[in-house]
2 protein chains.
Amino acid sequence: MTGKKKSAQASVEAMYRVFTVPEAPESTLSRIDQNISRNLAGFLQEHIVAVERDLSDVEKNFADSVIPEKPVFVSEQAQFLLDKLVANSVHTASPAFIGHMTSALPYFMLPLSKIMIALNQNLVKTETSKAFTPLERQVLGMIHRLVYQQDGSFYRKWMHDPRHALGAMCSGGTVANLTALWVARNRAFPAEGSFRGLHEEGLFRALRYYGCEGAAIVVSKRGHYSLRKAADVLGLGRDALVPVETDEFNRIQPDALRDKCLELQKQKIKVMAICGVAGTTETGNVDPLDAMADIAREFGAHFHVDAAWGGPTLFSRTHKHLLRGIEKADSVTFDAHKQLYVPMGAGLVVFKDPSLASAVEHHAQYIIRKGSRDLGSTTLEGSRPGMAMLIHSGLKILAREGYEILIDQGIDKAKTFANMIDEQPDFELVTRPELNILTYRYCPEDVRQALAMADELQAEKMNTCLNRITKFIQKTQRERGKAFVSRTRLEPARYYHFPCIVFRVVLANPLTTPDILEDILREQRELSKEDGIADEIAILHQMAAAVLKQDQKQARQA
Amino acid sequence: MTGKKKSAQASVEAMYRVFTVPEAPESTLSRIDQNISRNLAGFLQEHIVAVERDLSDVEKNFADSVIPEKPVFVSEQAQFLLDKLVANSVHTASPAFIGHMTSALPYFMLPLSKIMIALNQNLVKTETSKAFTPLERQVLGMIHRLVYQQDGSFYRKWMHDPRHALGAMCSGGTVANLTALWVARNRAFPAEGSFRGLHEEGLFRALRYYGCEGAAIVVSKRGHYSLRKAADVLGLGRDALVPVETDEFNRIQPDALRDKCLELQKQKIKVMAICGVAGTTETGNVDPLDAMADIAREFGAHFHVDAAWGGPTLFSRTHKHLLRGIEKADSVTFDAHKQLYVPMGAGLVVFKDPSLASAVEHHAQYIIRKGSRDLGSTTLEGSRPGMAMLIHSGLKILAREGYEILIDQGIDKAKTFANMIDEQPDFELVTRPELNILTYRYCPEDVRQALAMADELQAEKMNTCLNRITKFIQKTQRERGKAFVSRTRLEPARYYHFPCIVFRVVLANPLTTPDILEDILREQRELSKEDGIADEIAILHQMAAAVLKQDQKQARQA
């Protein structure tokens with residue numbers, strides 16, 4: 001062999017080894033693997049750096065745009081990932097990180113995920129997933145039953161019926177909502193007479209055939225942004241996502257919903273879907289689903305419920321009444337990577353009527369042939385991993401009782417935290433928790449008194465100032481790395497609907513304790529005294545003093 | 001404490017343990033975990049049952065539609081999964097399973113996946129992903145550079161620019177194609193004068209404003225079915241996916257493409273996108289991308305290339321010329337879970353122009369705010385896992401050289417197999433491999449001779465018979481569990497475009513050897529002699545004999 005041939009042969013053999021020889025037990029990667037198995041919390045605690053580095057600084061480690069010519073050792077890449085990626089990732093499992101919807105995972109999810117990845121099944125068809133297909137159908141059936149409570153014979157008939165699907169597994173809630181609205185859109189403009197249906201002829205001809213000027217999706221203004229995205233993707237345009245006013249508890253006003261639908265009808269705009277929200281992203285409130293279902297029926301609209309967050313509330317005997325009416329929905333979105341405590345990348349939608357999914361059925365010669373059991377015929381995605389296995393395991397190992405405890409504890413904890421905030425003179429609870437989400441802000445006592453009597457202009461000025469303070473505290477707390485709350489913008493009626501920035505808290509991590517919550521408030525109070533925000537705070541107190549003084553003057557005059 | 005309270009307390013504590021205490025090293029799940037780490041191939045070999053069980057039988061293990069009330073032990077669920085799920089899953093990594101696009105994974109992908117899942121980041125925003133965001137941007141940049149070969153300054157400028165994205169990570173190729181066509185559709189009908197753009201006002205008003213009767217996506221008739229699905233989702237209707245004839249090598253005919261575009265133009269249908277295929281799913285052929293790019297420019301159409309399968313051919317100095325012209329595409333789909341050897345659930349699309357993605361940009365108050373680096377503003381999906389970490393690791397550890405070896409070996413192996421088939425008297429190569437995919441069928445020598453001289457009706461009869469035989473062999477071989485080829489339907493010109501069922505083979509698993517390929521042919525030949533198909537085979541030979549006899553007679557008469 002020539003030198004060149006020998007080196008080529010060596011490269012081929014090295015490549016072969018990568019596919020056949022496991023990492024040595026003492027290799028960097030094996031040690032990480034074992035560490036994670038033995039002590040995940042310790043691994044995360046040890047390797048994630050608490051203090052936040054600026055992203056533009058982190059970017060320096062990911063600056064090269066050229067794919068390297070020569071391989072690096074696995075150990076080298078493992079060390080790089082530990083030092084540069086893991087170190088600067090987010091400790092989503094930390095009990096003090098209560099700002100997002102990602103929480104700690106049950107331990108068993110990790111080795112189970114490994115089995116899932118080792119098997120590397122593709123759920124688009126049975127040929128590459130075999131038993132995973134009935135398993136996924138079972139998971140869809142179980143969630144369907146949780147929502148719709150049909151009897152055993154219903155599921156014996158439909159759950160494994162190859163020509164039907166009780167739902168569609170998705171990578172997340174956005175695709176689940178999109179899938180539901182895709183079904184709704186196609187069903188709103190079905191084949192009739194010479195028209196072969198929207199799915200074949202498209203939206204333009206559909207509206208022309210049916211004599212409509214447009215098609216709308218109506219939802220409370222607290223609906224998730226994925227619905228607006230869906231309106232865009234589906235060709236309806238973002239204008240087609242019609243927001244409806246909410247009451248002071250961030251729930252849609254049924255009268256306003258009805259009026260909006262009547263108005264659309266007058267404009268010859270087809271109300272294609274009405275969406276209820278079961279757990280708004282920002283405040284965790286639940287729309288009056290039962291009343292909405294009736295309005296949807298009145299207008300012949302598809303009734304979809306986005307229960308990506310709040311769906312698992314159905315596990316709780318104490319709180320499931322909040323979702324009354326969900327069983328009337330034509331479709332319901334559920335996110336498994338949220339309150340089913342499954343790793344990222346698992347959402348699903350269930351359909352009340354097993355024939356609904358046929359509105360989006362697709363076939364091909366080489367895959368998902370007609371009559372096959374292939375799940376891919378009614379999913380938006382094609383190739384998909386076997387995440388259903390993790391949902392299945394959660395439902396078996398935690399069971400209804402386990403999920404009930406998680407839900408109940410989260411809601412209790414949110415109420416405890418709300419009471420804690422109420423007791424602080426310098427914090428203001430902005431939205432009281434219905435589920436396990438609440439919002440609040442730092443707001444000194446004098447400012448709260450002043451706000452209570454301020455006119456619109458005065459309130460606007462003080463709230464603008466408070467917004468800067470809230471943003472400062474939230475960002476600085478995140479950067480310091482001990483705790484994390486997120487922030488959003490609400491328009492409270494009591495402040496003349498002026499956009500107020502608030503802290504947003506999601507209490508889904510079972511490891512979050514009241515002590516941790518107290519520490520978070522304490523740190524926020526301390527941050528409010530920092531130099532970086534001193535000027536704002538001083539101005540705020542001056543404004544409050546002016547309002548209070550004016551009020552005393554008016555009181556004296558009166 | 002009362003008994004009830006005690007038991008409630010115990011349940012809460014059990015729940016707490018699930019989140020804090022790792023599985024014991026001797027537990028069922030830990031043993032599986034260790035087995036997989038030590039010897040994945042052995043684990044799969046040992047636990048996956050070779051002989052296929054009927055799916056309706058497997059379904060019995062997944063029949064219960066009620067979520068259990070009481071928790072089961074982790075060990076019990078682990079054992080259940082081993083016995084009922086893993087045992088009846090598909091050995092996608094087997095070197096004799098050459099029927100699908102899922103192959104063996106490099107060993108390091110397993111422990112790396114565990115890190116990814118342990119970190120449980122959410123790539124929708126930096127707040128829940130931090131360093132994962134620049135890492136994902138780097139991966140998009142690297143694939144962008146592989147495709148478009150811009151210089152270093154281009155990537156320094158754009159790769160980490162928060163207001164731009166060089167692409168979008170997706171769960172797979174279907175979403176990648178959909179994302180590209182979503183961009184194309186929105187850009188085809190932009191804001192102008194009083195019209196605020198399709199993304200705002202929708203397709204109906206867009207077509208009305210621009211005076212069009214429709215919008216079309218033009219692609220070869222070998223395009224992936226996800227494109228038709230995308231046409232449906234996007235509101236264009238499936239009719240809008242306009243197929244163009246291919247040549248005998250399953251590549252689009254540029255003249256036919258141009259004619260089709262002219263015809264659409266005459267009908268006032270906007271050619272919104274032209275899609276090239278770089279690696280057709282069924283035959284692995286590559287469209288003449290360079291010529292297509294010119295036609296796309298001529299019609300002002302977005303040029304998209306679906307390189308979900310063939311994209312990594314760009315790593316090969318020997319074969320990358322096949323994709324010449326891909327650098328002219330406005331967008332390119334790449335599947336990482338195919339020939340980048342990453343676990344299921346990783347696709348992406350790259351955009352030539354960094355501003356293209358802005359056509360689908362979405363923002364919200366609580367997430368992906370304007371000006372943030374959040375990747376979620378231009379992805380179709382919302383919450384997403386950190387799969388980019390695995391792609392990054394593949395690109396570093398295998399490097400360009402490693403992927404080149406994999407690509408070159410796959411194509412060489414396909415040529416070897418094609419030659420092997422050519423040499424068999426009783427097999428017919430239906431499509432010769434251009435990349436690493438080929439199709440063939442069992443077809444005895446006399447039948448091949450007869451087919452060569454048959455008229456249309458005779459050919460149809462023999463091919464109908466052959467179709468049944470091919471289907472029988474493919475299904476039976478799959479059921480026996482030693483090997484797996486898939487099947488599809490092609491319309492070869494030489495058989496008067498009659499739909500012929502063929503075996504489809506994908507040679508991407510580096511562990512597949514020529515010996516294995518020989519065994520596969522041998523088993524198929526043996527299956528052709530089985531009782532189950534004997535009648536068909538007998539009829540086939542009779543038909544062939546009749547054709548040959550008639551031919552001899554005609555020869556004598558002449």
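Chain letters run A, B, ... following the sequence lines, proteins first, then strands; residues in each count from 1.
- In this structure the side chain of A:W182 reaches within 4.5 angstrom of the side chain of B:K229, judged on heavy atoms.
- Here A:K396 contributes atom NZ and B:F73 contributes atom CZ; the two are 15.0 Å apart, rounded to the nearest 0.5 Å.
- For A:V233, the parts lying near chain B are the backbone and the side chain together; criterion is any non-hydrogen pair under 4.5 Å.
- For the atom pair OG of A:S11 and CD of B:E401, the computed distance is 5.5 Å after rounding to the nearest 0.5 Å.
- Heavy-atom distances place both the backbone and the side chain of A:A104 under 4.5 Å from chain B.
- Looking at A:F484, only its side chain comes within 4.5 Å of chain B, counting heavy atoms on both sides.
- Expressed to the nearest 0.5 Å, how far OG of A:S393 lies from CD of B:Q77 amounts to 4.0 Å.
- For chain B, the nearby parts of A:M142 are the backbone and the side chain; heavy atoms of each come within less than 4.5 Å.
- When heavy atoms are compared at a cutoff of 4.5 Å, A:T102 approaches chain B solely by way of its side chain, counted from C-beta outward.
- Ranking B:T488, B:V12, B:I405, B:L105 against chain A, the residue ahead of the rest is B:L105, based on heavy-atom pairs under 4.5 Å.
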side-chain contact (heavy atoms from CB on, under 4.5 Å) between A:V90 and B:N122, intermediate numbers included:
CA-CA 9 Å; A:V90 179; B:N122 181 352; over 6 Å; no

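- Chain B forms more heavy-atom pairs under 4.5 Å with one residue of A:K130, A:H144, A:R504 than with any other, namely A:K130.
- Between B:Y225 and A:G382, the shortest heavy-atom distance links the atoms OH-CA, 4.1 Å.
- With chain A as the partner, the residue from B:E52, B:E69, B:M15 showing the most heavy-atom pairs under 4.5 Å is B:E69.
- When every heavy atom of A:Y107 is checked against every heavy atom of B:T20, the shortest pair comes out as CE1-O, 3.4 Å.
- Qualifying side chain to side chain contact (heavy atoms under 4.5 Å, CB included) partners for A:E201, counting only residues two or more places apart in sequence or in other chains: A:F195, A:R196, A:R205, B:D239.
- Of the two parts of A:I115, the backbone and the side chain both hold a non-hydrogen atom closer than 4.5 Å to a non-hydrogen atom of chain B.
- Taken from OG in B:S129 to CG in A:N88, the straight-line distance is 11.5 Å, to the nearest 0.5 Å.
- When each of A:L395, A:I67, A:I36, A:V21 is scored by its heavy-atom pairs under 4.5 Å with chain B, the top score falls to A:I67.
- Contact annotation for A:Q121: both backbone and side-chain heavy atoms come within less than 4.5 Å of a heavy atom of chain B.
- Among the candidates A:G202, A:P71, A:P22, the residue making the largest number of heavy-atom pairs closer than 4.5 Å to chain B is A:P22.
- The part of A:L44 that comes within reach of chain B is its side chain, from C-beta onward, which places non-hydrogen atoms under 4.5 angstrom from that chain.
- Between chain A and the residues B:G173, B:A93, B:A63, B:A206, the largest count of heavy-atom pairs under 4.5 Å involves B:A63.
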Using side-chain contact (heavy atoms from CB on, under 4.5 Å), reason through A:R384 and B:M344 one step at a time and then give a plain yes or no. CA-CA 6 Å; A:R384 290 183 301 111; B:M344 194 52 60; 5.6 Å; no

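- Of the two parts of B:L146, only the side chain, counted from C-beta on, holds a non-hydrogen atom closer than 4.5 Å to a non-hydrogen atom of chain A.
- For A:R487, the parts lying near chain B are the backbone and the side chain together; criterion is any non-hydrogen pair under 4.5 Å.
- When the candidates A:R373, A:E23, A:H100 are compared by the number of heavy-atom contacts under 4.5 Å with chain B, A:R373 comes out ahead.
- Chain A forms the most heavy-atom pairs under 4.5 Å with one residue out of B:G386, B:P68, B:P499, and that residue is B:P68.
- Between chain B and the options A:M101, A:R156, A:R185, the largest number of non-hydrogen pairs under 4.5 Å is found for A:R185.
- Using a 4.5 Å cut-off between heavy atoms, A:A118 touches chain B through backbone and side chain atoms alike.
- Both the backbone and the side chain of A:L380 come within contact range of chain B, with heavy atoms under 4.5 Å apart.
- By the 4.5 Å heavy-atom criterion applied to side chains, A:V18 and B:F108 are counted as neighbours.
- If you measure heavy-atom distances from A:E76 to chain B, you find no contacts under 4.5 Å at all.
- Under the rule for a side chain to side chain contact (heavy atoms under 4.5 Å, CB included), the partners of B:D335 that lie at least two apart in sequence or sit in another chain are B:A308, B:H337, B:K338.
- For B:N509, no part lies near chain A; criterion is any non-hydrogen pair under 4.5 Å.
- The greatest number of non-hydrogen atom pairs below 4.5 Å with chain A, out of B:H199, B:M387, B:E127, B:R238, is found for B:R238.
- Counting heavy-atom pairs under 4.5 Å between each of A:A364, A:G152, A:S89, A:G141 and chain B puts A:S89 at the top.
- Within the 4.5 angstrom heavy-atom criterion, no atom of A:S30 approaches chain B.
- Using a cutoff of 4.0 Å between basic side-chain nitrogens and carboxylate oxygens, B:E213 and A:R208 are scored as salt-bridged.
- Within the 4.5 angstrom heavy-atom criterion, only side-chain atoms of B:L40, from C-beta onward, approach chain A.
- Checking B:D232 against A:H362 by side-chain atom types alone, a donor-acceptor pair falls below 3.5 Å.
- Heavy atoms closer than 4.5 Å to chain A are found in both the backbone and the side chain of B:V74.
- Put simply, of B:L81, B:I48, B:V175, the one with the most heavy-atom pairs under 4.5 Å next to chain A is B:L81.
- Both the backbone and the side chain of A:E59 come within less than 4.5 Å of a heavy atom in chain B.
- Under a 3.5 Å cut-off, the side chain of B:T92 and the backbone N or O of A:L119 do form a donor-acceptor pair.
- Between B:F80 and A:H392, the angle of the ring planes stays under 30°, which puts this pair in the parallel group of the 30/60° scheme.
- For the residue pair A:E381 / B:T174, no side-chain donor-acceptor distance below 3.5 Å is found, with atom types taken as modelled.
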From CA spacing to verdict: side-chain contact (heavy atoms from CB on, under 4.5 Å), B:L236, A:L203: CA-CA 6 Å; B:L236 307 163; A:L203 189 60; over 6 Å; no

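- Salt bridge annotation for A:R145-B:D64: absent, with no cationic side-chain nitrogen under 4.0 angstrom from a carboxylate oxygen.
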Any chance you could lay out the side-chain contact (heavy atoms from CB on, under 4.5 Å) test for A:L511 and B:Y16, step after step, and finish with the verdict? CA-CA 7 Å; A:L511 309 182; B:Y16 189 81; 3.3 Å; yes

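- Proximity to chain A involves both the backbone and the side chain of B:T126, based on heavy atoms less than 4.5 angstrom apart.
- When heavy atoms are compared at a cutoff of 4.5 Å, B:R38 approaches chain A solely by way of its backbone atoms N, CA, C and O.
- Under the 4.5 Å side-chain criterion, counting only non-hydrogen atoms from C-beta, B:V86 is not in contact with A:F132.
- For B:Q34, no part lies under 4.5 angstrom from a heavy atom of chain A.
- Among B:D33, B:N120, B:I117, the single residue meeting the side-chain contact (heavy atoms from CB on, under 4.5 Å) criterion with A:L110 is B:I117.
- Interface remark: B:L398 contributes backbone and side-chain atoms alike to the contact with chain A (heavy atom separation under 4.5 Å).
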